[in-house]
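Just so you know, ligand 1 is whichever comes first in the structure, and atom 1 is the first atom listed for that ligand. Both backbone and side-chain heavy atoms feed into the values below; hydrogens, waters and symmetry mates do not. For the single chain, residues carry numbers from 1 onward in sequence order.
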Amino acid sequence: MPTTAKICGLSEPHTLEAAIVGGASHVGFVFFPPSPRNLEFSRAAGLAAQVPARVSKVGVFVDPDDTLLDTAIASARLDALQLHKTTPARAAAIRARTGREVWAAVAVRKREDLGAARGFAQAADRILYDAKTPDNAALPGGMGVRFDWSLLDGFDHPLPWALSGGLDAANVTEAIRRTGARTVDVSSGVEIAPGTKDASRIAAFLSAVASA
Ligand SMILES: O=C(O)c1ccccc1N[C@@H]1O[C@H](COP(=O)(O)O)[C@@H](O)[C@H]1O
């Protein structure tokens, strides 16, 4: 099975197109106002219309309320919801209420952090292992922070999972080889500035994933 890739934090038609043409399985739209990648709903709707059915649209949220979720799902026609800083109970409620696939982000810095994944076994469809950002950071993700991939060695994953945090075209081959990830996720590693994606970096990342 080939490794699949999600390109996250897209906000412009030409870089979204680069992700689609390059073979991304998922594209991510961020709904979190402090993020430089945050999308207005009308803009999300326009971008979503560009995405073919074979590519899944993932909304990225930080402990969202129902109003935000419902508006984002309707405007961007989201297939999946990526939830950061959200408890298993809340994730389960969101999954039951929306009927959408739920990706639970688990922030990793130390081996003990992986234990949080088990709490989502009945509450989510997939775990996204992401690097824990610094305690005073403005964002819980999307900062190009990487964690020690060896922490995943021998871990009994409770659900299908994806790897993120500080990936780019130069390190994703090693990340896949080292962890066995079947899905990888990138945001800042395909940008030229925070929030500004680059089509050639997206193409290089997807090419590296396809060759891994
Ligand atoms: O990208 C953001 O702005 C963001 C905001 C809030 C939560 C998560 C966010 N991004 C996610 O973080 C990971 C890793 O990103 P990076 O490749 O290290 O920059 C990725 O899943 C993004 O979806």
Problem - Whether Lys197 side chain and Cys8 backbone form a donor-acceptor pair below 3.5 Å - result: yes
Practice task
Flag yes if more than 12 heavy atoms outside Asp156 fall under 6.0 Å of its CG atom; otherwise flag no.
Solution key: no
Practice task
State yes or no: are the ring centers of Phe32 and His84 separated by less than 6.0 Å?
Solution key: no
Handout entry: Mutual orientation of the aromatic rings belonging to His157 and Trp161 [parallel < 30°, tilted 30-60°, perpendicular > 60°]
Key = parallel
Check ligand 1 for close polar pairs with the protein: N or O on both sides, less than 3.5 Å.
| from | atom 1 | to | atom 2 | distance (Å) |
| --- | --- | --- | --- | --- |
| ligand 1 | 1 (O) | Arg37 | NH1 | 3.0 |
| ligand 1 | 3 (O) | Ser35 | OG | 2.5 |
| ligand 1 | 3 (O) | Arg37 | NH1 | 2.7 |
| ligand 1 | 10 (N) | Gly142 | N | 3.3 |
| ligand 1 | 12 (O) | Asp130 | OD2 | 3.4 |
| ligand 1 | 12 (O) | Gly142 | N | 2.8 |
| ligand 1 | 15 (O) | Gly142 | N | 3.2 |
| ligand 1 | 17 (O) | Ser187 | N | 2.9 |
| ligand 1 | 18 (O) | Gly144 | N | 3.1 |
| ligand 1 | 18 (O) | Gly166 | N | 2.9 |
| ligand 1 | 19 (O) | Gly144 | N | 3.3 |
| ligand 1 | 19 (O) | Ser188 | N | 2.9 |
| ligand 1 | 19 (O) | Ser188 | OG | 2.4 |
| ligand 1 | 21 (O) | Gln82 | NE2 | 3.2 |
| ligand 1 | 21 (O) | Asp185 | OD2 | 2.5 |
| ligand 1 | 23 (O) | Gln82 | NE2 | 3.2 |

Problem - Test log, rule salt bridge (Lys or Arg N to Asp or Glu O under 4.0 Å), inputs Arg97 and Asp70 - result: CA-CA 10 Å; Arg97 197 181 67 79; Asp70 291 347; 2.8 Å; yes
Handout entry: Whether Phe31 and Phe61 hold their rings parallel, tilted or perpendicular, with breakpoints at 30° and 60°
Key = parallel
